[in-house]
Amino acid sequence: MARKSKYDQATSAPTIRLWHPALYVRLSREDGDRDESDSVISQRELLAEFTAAQTDMTAPRLYTDDGCTGTDFDRPAFRQMLADLRAGAVDCVIVKDLSRFGRNYVGVGEYLERVFPLLGVRFISVNDRVDSHLDPQSMHSLIVPFRNILNDEYARDISNKVRASLDLKRRQGKFIGSFASYGYRKDPDDHSRLLVDEPAAAVVRDIFEWFVGGMSILGIAKRLNAAGVPNPSAYKRAQGMNYRHPASDKLDGLWPDSSVRRILKNRLYTGTMVQGKNRIKSHKLHVSEAVPEADWIAVEATHEAIIPPALFRQAQTLLARDTRTAPQRGRVYLFSGFIRCADCGKAMHRKQISQPYGNYDYYICSTFKKQHSGACTKHTIRSDHLEQAVLETLRQQIALAVEMDALIAEIERSGVNNRAAARLTAERERLTRERARQERMMLDLYPDWKAGDISREEYHRLKARFTQKLGQLDGQLKALDSQLAAAQGGIGESNCFLTQFVKHRNLQTLTREVVVELIDMILVHEGGGITIRFKFADAYAAAKAYIAGHTQSA
């Protein structure tokens with residue numbers, strides 16, 4: 001083969017490198033990208049037009065991240081583009097401007113100054129007139145880091161404004177989540193308002209009633225699965241929602257016990273909007289962290305309640321107790337979580353003993369059962385004896401409540417209230433006059449001291465005495481105000497001791513629901529004696545004082 005002449009070599013056309021560009025498009029409303037020029041279509045058209053005008057580019061590939069923040073680089077299309085760059089499928093990255101590439105100053109600098117040069121990747125920002133191949137100096141100009149800093153700061157500012165806006169909506173009781181909690185749906189006319197979704201709400205009611213009625217959380221999950229009720233994730237997808245949960249595929253529509261527990265703890269079902277349970281660490285670090293419960297934003301009466309507050313409180317009380325499930329039954333024992341040793345305070349364990357005449361269950365102190373070291377004694381009691389004793393004691397307490405309710409009703413019908421109110425009003429007027437007299441006397445002390453009528457020591461001694469007397473009078477007036485309000489408005493309908501006990505006036509059988517509603521704790525003493533601490537002790541004392549006060553004044 002003949003060698004080319006020196007002339008031929010000098011006049012041959014120079015070799016032109018063909019670049020295989022990656023056209024990268026990104027849009028995120030979260031970063032404040034609201035201009036029409038930033039739209040995906042606008043960016044794509046601009047980059048396509050720019051590439052078509054270049055003679056050294058061929059076979060461009062488009063990578064689009066729509067709805068992805070620029071404050072980090074964990075974006076699907078960006079990750080794919082990076083993989084293609086490393087594989088050599090593309091070797092040039094073109095963006096509309098630096099903000100489309102990213103709004104993280106450190107991250108953008110890492111790619112432009114280290115990653116791309118090592119990979120031999122050409123970088124072009126069209127509107128910023130940056131081209132690492134044709135104009136390498138443009139990459140080292142102060143304008144590049146300066147604009148990256150501005151983009152970063154802009155993202156931070158937008159993030160703070162968005163967070164403040166969302167917090168304001170939370171404080172206003174507006175729902176801001178993507179999907180309503182199970183049992184509710186978004187109002188089609190106002191997505192910040194929740195409406196009851198009756199088919200799911202019926203399941204929520206069942207869950208609470210079953211739980212308070214004695215069914216265990218695992219037992220509830222099994223019952224729902226046996227009935228073919230889809231779990232919350234499956235239900236939402238069946239309603240046409242594009243909802244995905246990390247464990248959805250594994251559960252295959254079945255209820256786990258964690259979903260039941262989550263529903264039982266959710267105050268949303270009482271009509272209270274609770275939001276702000278989690279937050280993002282920063283606008284660059286998109287990692288969610290739990291917020292202390294004291295900092296949650298809760299607004300009451302924002303939507304229709306599915307669960308009455310009293311039932312919700314009962315469920316929370318049970319969740320906080322140490323309850324055990326009866327083997328193979330899916331239900332907790334009747335007194336589970338409500339029975340303790342009177343001496344050591346530990347829970348009583350339930351055991352079964354087989355005898356020739358039959359089997360019976362009994363409770364034994366858990367401290368004694370575990371240690372046998374003298375730390376405590378047996379404190380045993382048979383289960384059937386305990387149940388009978390509790391039932392009889394409850395009947396007595398209910399009979400007392402019925403009697404007190406009748407007495408209060410008679411007091412409120414008889415006019416005793418009016419006489420008591422008149423007596424209390426007269427007493428209040430007397431105390432008010434006395435307070436005014438004491439206050440005037442204290443105010444006169446200072447002029448007497450300045451005039452030399454009393455010494456400095458006498459002034460301070462008398463002032464302390466008058467101050468003490470005024471405090472006593474204020475306390476007496478406050479107590480009179482409470483008594484006067486009770487006398488004028490009655491007490492029967494507002495007293496929770498009366499309302500909760502009286503409604504069980506025909507109690508024949510002890511149930512888990514009754515134990516949960518009326519009993520705070522059962523203490524078992526050595527020898528089998530028991531002490532029952534009932535709920536509503538303060539309300540009982542108030543009713544008792546009301547009756548005593550009005551009986552004396554009659």
Side-chain angles (χ1 to χ4, degrees), residues 212-214 314 317-318 320-327 329 331-404 496-498 500-545 547-548:
V212 173
Q314 289 178 2
T317 299
L318 288 177
R321 293 177 184 263
D322 179 20
T323 56
R324 300 183 184 279
T325 305
R329 291 176 55 195
R331 300 182 65 85
V332 295
Y333 292 116
L334 179 63
F335 299 116
S336 183
F338 286 85
I339 180 169
R340 292 185 177 275
C341 173
D343 290 330
C344 71
K346 298 295 184 181
M348 302 286 286
H349 280 192
R350 184 183 174 105
K351 301 292 290 182
Q352 188 176 79
I353 286 184
S354 297
Q355 297 289 351
Y357 50 83
N359 301 329
Y360 70 87
D361 297 319
Y362 71 98
Y363 288 94
I364 183 171
C365 172
S366 59
T367 302
F368 175 81
K369 177 178 177 292
K370 292 177 181 178
Q371 297 181 6
H372 294 285
S373 61
C376 198
T377 54
K378 284 186 177 181
H379 294 75
T380 56
I381 185 170
R382 277 179 50 165
S383 176
D384 54 344
H385 294 171
L386 174 64
E387 185 172 342
Q388 186 61 34
V390 172
L391 178 60
E392 288 303 320
T393 308
L394 265 176
R395 285 174 175 169
Q396 294 172 15
Q397 194 76 353
I398 291 169
L400 175 62
V402 171
E403 182 181 355
M404 293 175 71
C496 52
F497 165 73
L498 299 176
Q500 295 301 317
F501 277 84
V502 167
K503 72 180 182 181
H504 294 290
R505 68 173 72 215
N506 297 317
L507 181 67
Q508 298 298 322
T509 306
L510 195 60
T511 65
R512 178 72 175 178
E513 290 92 334
V514 173
V515 171
V516 170
E517 186 173 356
L518 302 181
I519 294 176
D520 177 59
M521 190 60 65
I522 302 169
L523 302 176
V524 179
H525 300 272
E526 181 64 27
I530 64 169
T531 297
I532 301 177
R533 290 206 307 249
F534 292 105
K535 291 182 176 177
F536 317 113
D538 290 343
Y540 166 73
K544 185 178 178 181
I547 292 172

J.: Applying salt bridge (Lys or Arg N to Asp or Glu O under 4.0 Å), can you list everything that pairs with K503, at least two apart in sequence or on another chain?
T.: E517
J.: Strictly by salt bridge (charged side-chain N to carboxylate O under 4.0 Å, His left out), give each pair with a member in residues 526-541 just once, sequence neighbours left out.
T.: D520-R533
J.: Could you list the donor-acceptor pairs under 3.5 angstrom formed between side-chain atoms of residues 383-390 and any protein atom two or more places apart in sequence or on another chain?
T.:
| residue | atom | partner | partner atom | Å |
| --- | --- | --- | --- | --- |
| S383 | OG | R350 | NH1 | 3.2 |
| D384 | OD1 | R382 | NE | 3.2 |
| D384 | OD2 | R382 | NH2 | 2.8 |
| Q388 | NE2 | E392 | OE2 | 3.1 |

J.: Can you find a pair of side-chain heavy atoms, one from H379 and one from F368, that are under 4.5 Å apart?
T.: no
J.: List the residues meeting side chain to side chain donor-acceptor pair (under 3.5 Å) with Q352, not counting sequence neighbours, and say none if there are none.
T.: D361
J.: Would you say L391 and L507 make side-chain contact, with heavy atoms under 4.5 Å?
T.: yes
J.: Among residues at least two apart in sequence or on other chains, which ones pass ring-ring contact (aromatic ring centres under 6.0 Å, His included) with F335?
T.: none
J.: Go through the structure and list residues passing ring-ring contact (aromatic ring centres under 6.0 Å, His included) with Y540, not counting sequence neighbours.
T.: F497
J.: R505: which residues meet the salt bridge (Lys or Arg N to Asp or Glu O under 4.0 Å) condition with it, sequence neighbours left out?
T.: none
J.: Residues two or more places apart in sequence or in another chain: which of them pass side chain to side chain donor-acceptor pair (under 3.5 Å) with Q314?
T.: none
J.: Got a sec, which residues hit side chain to side chain contact (heavy atoms under 4.5 Å, CB included) with Q396, two or more places apart in sequence or on another chain?
T.: none
J.: Applying side chain to side chain contact (heavy atoms under 4.5 Å, CB included), name anything that partners N506, two or more places apart in sequence or on another chain.
T.: none
J.: Report yes if the side chains of M348 and C365 come closer than 4.5 Å at any heavy-atom pair, otherwise no.
T.: yes
